[in-house]
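For reference, the structure is listed below as structure tokens.
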Amino acid sequence: MIGDLRHNDWLRWIAHSILCAIFIGIFTVTDFWGTPLNSTKDYLIILSHWASIVFACTCVNLILTLLPHRGFVIVYATITFLASILAFYRYTMNFTLNTMMLDIILQNDLAVSADMLEWPIFVWVLCATTISILIANLRKQYIIKIKNRWTIGTVILASLTLILLLAPTSRFSRPILNRIPFNIVEMTTKYISERQEITNERPRVFKTANAQSDSLTVVFIIGEALRPSNLHINGYRRENTPNMERLGVVSFDSVWSDYVYTNRSVPHILTRADTSNPNLAYTERSFIDVFNAAGFNTIFLGNQDAEKPYAYFTKEAQTSIFVNLSKGVYNYDKWLDEDILPVYQKELAKNNKQQLFVLHTIGSHWWYNVHYSDSFEIYKPVMKSRIVASCDSMEIVNSYDNTVAYTDWFISQIIEPLKNLNAICIFLSDHGEALGENGQWLHASESTMMNWTAAFVWMSDNYKQKHPYFNQNINHNKHQFYKTDFLFHSVIDAADIQTDILDTTFSIFRE
Ligand SMILES: [Zn+2]
């Protein structure tokens with residue numbers, strides 16, 4: 001039997017932990033701001049996401065309250081302090097914490113952070129922190145007896161719940177860890193591991209790399225979730241690729257990616273990794289380094305975060321620029337590839353004789369509506385909710401096809417300034433996308449629609465004259481089956497670089 005007093009203490013402990021969690025949950029609300037929702041069901045789903053975060057917070061609090069009183073107040077007030085700052089910028093500027101932003105705040109440009117400080121944030125943070133101290137101080141109202149079996153049982157239960165919720169295999173882990181306040185820990189851990197990945201130097205595995213052309217521009221665009229079967233250039237019913245067709249882009253319509261999500265496929269594409277040696281993606285440098293050795297000016301322009309599995313390659317380029325730094329998967333304002341264009345044009349204007357551009361686009365990433373500009377809302381009606389299950393399937397396809405039309409335009413904007421140069425542009429999407437086949441949507445699960453991926457090549461007239469066989473061969477090879485393994489060797493081959501690492505049997509430019 002437990003005495004009344006002890007039982008009261010136990011109830012107070014639980015109530016206090018819930019109160020602390022709900023207070024933090026106020027800041028979490030900003031992370032859901034602007035989420036497109038269409039029905040009561042959508043609101044209930046989002047409410048359940050919010051509730052799962054508050055529940056996880058309660059479990060954390062049950063453990064943190066075991067600290068001595070003062071220790072708990074300091075830890076809780078610090079979490080609130082950070083959460084209130086994130087909530088402020090999320091609400092006022094739609095800023096989401098990610099590792100790129102952490103990099104800027106911690107390393108590069110403190111002036112940028114100083115610019116963001118104005119009096120409303122001081123008032124907001126001061127109020128939030130003061131209230132949090134008052135709430136944390138309620139810890140004085142009860143005593144936790146560590147050796148009590150109720151205490152031990154509660155802590156074990158809280159810990160197990162957290163493990164179940166936050167394990168990488170849990171479907172709750174991503175929605176919880178990517179939101180306030182858990183994103184503070186998640187992004188800091190990710191940041192540290194990305195830094196380690198970048199600083200672990202990889203060896204150069206080739207002996208020579210010599211450029212044969214004295215003036216050449218190579219552009220490689222990493223596409224996102226572009227499936228070949230929804231492209232008019234490949235025979236799709238909707239005319240969503242007019243620009244590529246006008247520019248004489250050659251489409252490779254049978255390309256297969258072994259991987260169906262960005263983090264695995266991008267390292268595979270950029271390195272010598274192939275189906276037989278997939279691990280080279282994590283031990284070797286990318287083709288960017290071959291271009292460096294051959295004397296090219298190398299530029300990486302990213303419209304997605306440099307995630308850990310490929311962060312290393314972004315640092316191989318002599319210039320590495322990221323646009324749309326403060327975006328995250330839970331942002332629902334426009335996030336467009338055209339933001340790459342001003343930086344691209346500026347770099348092109350430098351007139352480097354030999355240059356390699358690697359562009360990492362956001363392409364046809366979910367949530368489709370935010371990845372095309374308003375004038376590309378061609379196929380209507382478009383989807384209204386961010387919850388896949390509550391979207392009409394035709395609306396999803398309409399929105400997706402709008403991203404295709406936008407990507408077609410974006411590619412043309414990359415190609416246009418190359419027309420009078422000796423230039424080649426290669427596009428390869430990291431993977432495809434399922435649009436309802438066998439009830440499957442998006443990517444990163446099991447559907448061959450996610451493996452089939454779009455690939456294109458465009459050559460300037462000057463380049464065609466210099467490489468008549470390459471031009472002939474791509475037109476001959478365009479319906480052949482290739483794995484994305486082709487990219488590493490093909491891009492080096494296209495650049496006329498003589499190197500011992502090149503295996504022309506992979507090249508799409510050879511017979
Ligand atoms: Zn992807």
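When a ligand or atom number is given, it counts from 1 through the structure's own listing order. Not measured: the values here are computed from a predicted model. We use all heavy atoms of the structure for the numbers below, so side chains are in, but hydrogens, waters and symmetry mates are not.
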As a test of reading the structure, name the N/O/S atom of D430 that is nearest the Zn ion (ligand 1). OD2
Assess whether a salt bridge exists between [X] and [Y], defined as any Lys/Arg side-chain N lying under 4.0 Å from an Asp/Glu carboxylate O.
| X | Y | answer |
| --- | --- | --- |
| K478 | D253 | no |
| K334 | E377 | no |
| E284 | R204 | no |

Round to 10° and report the angle made at the Zn ion (ligand 1) by OE2 of E224 and OG1 of T262. 120°
Using 2.8 Å as the threshold, say whether any N, O or S atom from H365 sits that close to the Zn ion (ligand 1). no
Between R202 and Y312, is NZ or CZ placed under 6.0 angstrom from the six-membered ring centre and within 45° of the ring axis? yes
